[in-house]
Amino acid sequence: MNNKLYGKLIFELSKKGRVGYSLQDNEYGNYEIPASMQRAEEVDLPECDELTVVRHYTNLSNNNFGVDTGFYPLGSCTMKYNPKINEEMAAQSPFQSLHPEQPADTAKGALEMVAMLEHSLCELTGLAHFTFKPYAGAHGELTGLMTIDNYHRSRGDLARKKVIVPDSAHGTNPASAAVCGLEIIEVKSLADGTVDYEDLKRIVAEQGSEISAMMMTNPNTLGLFETRIPEIAALIHDCGGLMYYDGANLNPMLGVCRPGDMGFDVMHINLHKTFSTPHGGGGPGSGPVGVREGLQEFFPVVSPYHGNFSVMMRAYAYILSLGREHVKEVGPLATLNANYIKESLKDVYELPIDGLCCHEFVFDGLKDKSTGVTTMDVAKRLLDYGYHAPTIYFPLLFHESLMVEPTENESKETLDEFIAVMRQIAEEAKTNPDEVKSAPHNTPIGRVDDVLAAKHPVTTWKVLKNERMED
Ligand SMILES: *Cc1c(COP(=O)(O)O)cnc(C)c1O
C-alpha cells in the first residue's frame, strides 16, 4: 500500500463541491423544512466522487483480517469454521424480515426453529431447558447466576451470596458474579493447571452455608480437562450450592460428553463461538442458558424477545449439517490439531504444563529467555507473516502467556505452515531480535500505544476548516 491516498481519512480526501451522486427530481413537490428544524450551519460532510469513495472503503476493508483471509489461532474464542451454508440460511428473506412485534401466529416457523434448536442443545448438554434471551456469553453468565440466586431466594435461603471461581477462570466469571451482587471466592489451581480440590474442600468446610454456586469451565482456560468434576459437584451440592458451567469451551466436548451428566445444573453456551457465527469486533452474539429440570421457573427476564435470531439460525444450520454422527468428530479433531501444534513447537516455546491438552494450549513465551523477545513481539511478528495473533497475556497464570487454538477444520498444511513460521520467529529471536522487537513491519500501522488508545481514544476527526483541501 504505497499509494498515499489509501492511508487518508475520507474527510481528508474531500474536495469542496465534488459529488458522487445525482438525485432524481422530487416528484412529491416542494416541501419547506420549518425554520425551527433547520440546521443553523451546514454540516461538514466529506465531498468526494464515486471512485474515491469506493476505493477508500474497499481499501479499508482489505485491512481486515478474518477467518476468510487467513489462519486465526486466537485461543479462548473458538473463532472457528463458519460454513457459508449457515450464512445462506440466516440470510433468507423470510427470516431477515421478521419483526419482534409481529403476531406470534405469523412467525410459527421461526418459533419452531427456536424450539428445535433448544431440543438439540438439550441433547448436546444433558440439560432440560434453555432460554435464548442473553445476547452473549457474559450476559448468559449473569442470567445463569440470577437464575441460581432466584432459586436460593425461593427457598428462603438468603445467606447464599458467594460464588467460587477458579483462579484460571475467564475474567467475565468474577465480573458477572459481581454484577449479580455476589461475592467472589477464588479457588487455586494445582501445578498441573486443574482446580485444587483440597483448597476447594477447605473453602466449602469454612463457608459452605453461604455458597450460592461454583463456576467452572471445562476444558478450563488452559485447555485442560478437569477430571474431578463429579467429586467437585458432589462437594458443592452437599453444601447446598449449584454448579455453573461456562460453556465457552464446549467445542471439544461436543457429542463426546455432556455438562449435565457431569453434575452441572446451569450453563451458558456461546452460540457465536461453538456454533459458528463469525464474531470479530464484539458481535453479534447469543448466549443461551440451559438448566436442569425444575430450574426453568427461575429464569430472570434479561431482555425482550428471543435474542439474536440470525445467530440461532446459523447454530441450527450447523447442527443439522453435522448431524448426530459428525458432531462427535468436532472435539477429537480440535484436540488433535491443538496437540499437533503444541508438540511441534514445545522445544522452542516454553510449555509450562506438559501433557495432553484439549482444543487449546498455553505457552509461556519463548523457551530461550535470553533474547529479550517477548510474547508481544512474537504476536506482532506473526502479523508480518499473514497470521492473526494468538491470545496473549491470558490466562494470567503465566507472565508470557501465548494461547493457541487452531480449531477442528484447519488442514494439516495450514498447521504445518503455522508451525514453520513460529519456528522461524523463534530463530529470528536469536539471530535478529531487533527485527522481531520492532515488528510488525508490513501492516498499515505498527504498534499502537494500547494504554493511550484505551484511556484517550480519539474516535472523531476534527474539522479544521483551513486545513481542508480546497479545489
Ligand atoms: C468468550 C468467553 C466468555 C465470554 O463470552 P462472550 O460471548 O464474549 O461474552 C466467557 N468465558 C470464556 C471461557 C470465554 O472464552
Side-chain angles (χ1 to χ4, degrees), residues 72-80 82 121 125 130-146 163-180 184 186-187 189 193-195 213-226 229 243-254 259 264 266-290 302-303 307-308 310-312 314-315 334 338 357-362 388 390-397 401 403-407:
Y72 213 116
L74 199 72
S76 190
C77 269
T78 322
M79 182 71 71
K80 55 199 294 290
N82 301 301
L121 296 182
T125 58
F130 273 84
T131 170
F132 289 90
K133 290 184 182 295
Y135 290 111
H139 197 195
E141 290 169 25
L142 178 63
T143 307
L145 290 172
M146 287 168 79
V163 175
I164 306 175
V165 179
D167 59 4
S168 64
H170 193 272
T172 51
N173 290 188
S176 302
V179 171
C180 194
I184 295 112
E186 195 174 87
V187 59
S189 296
T194 60
V195 164
M214 167 144 189
M215 298 180 88
M216 286 189 79
T217 312
N218 198 28
N220 66 24
T221 57
L222 292 165
L224 302 168
F225 194 80
E226 297 274 2
I229 301 269
M243 288 290 286
Y244 184 89
Y245 177 73
D246 174 341
N249 291 348
L250 184 65
N251 173 273
M253 306 211 316
L254 268 192
F264 287 100
V266 181
M267 72 176 288
H268 77 262
I269 297 178
N270 307 59
L271 287 187
H272 48 287
K273 293 183 179 177
T274 310
F275 294 97
S276 82
T277 287
H279 62 279
S286 174
V289 169
V302 291
S303 68
N308 270 327
S310 70
V311 180
M312 292 151 63
R314 289 184 184 93
C357 64
C358 290
H359 63 308
E360 63 190 359
F361 64 89
V362 182
H388 192 280
T391 296
I392 57 173
Y393 300 105
F394 176 83
L396 305 176
L397 297 176
S401 288
M403 182 186 220
V404 174
E405 176 177 359
T407 75

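Both ligands and their constituent atoms are indexed starting at 1 by order of listing. Throughout, residue positions are numbered sequentially from 1 according to the sequence presented. Just so it is clear, the model here is predicted, and its values are computed rather than measured. All heavy atoms count here, side chains included; hydrogens, waters and symmetry mates do not.
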Protein N/O near ligand 1 N/O, under 3.5 Å, which pairs?
from, atom 1, to, atom 2, distance (Å)
ligand 1, 5 (O), Asn270, ND2, 2.9
ligand 1, 7 (O), Gly137, N, 2.7
ligand 1, 7 (O), Asn270, ND2, 3.1
ligand 1, 7 (O), His272, NE2, 2.7
ligand 1, 9 (O), Gly137, N, 3.3
ligand 1, 9 (O), Ala138, N, 2.8
ligand 1, 11 (N), Asp246, OD1, 3.3
ligand 1, 11 (N), Asp246, OD2, 2.6
ligand 1, 15 (O), Ser76, O, 2.8
ligand 1, 15 (O), Ser76, OG, 2.9
ligand 1, 15 (O), Lys273, NZ, 2.8

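When side chains are defined from C-beta on, Met403 counts as touching Ser76, because their heavy atoms get closer than 4.5 Å.
Side-chain N/O atoms of His268 and Tyr245 include no donor and acceptor closer than 3.5 Å. Side-chain N/O atoms of Glu226 and Asn218 include no donor and acceptor closer than 3.5 Å.
Ring geometry for Phe132 against Phe130 counts as tilted: the plane angle lies between 30° and 60°, on a 0 to 90° scale.
Residues passing the side-chain hydrogen bond (donor to acceptor under 3.5 Å, both in side chains) test with Thr172 are Glu141, His170, sequence neighbours excluded.
Of the possible polar contacts, none joining the Ser286 side chain to the Val311 backbone as a donor-acceptor pair under 3.5 Å is found.
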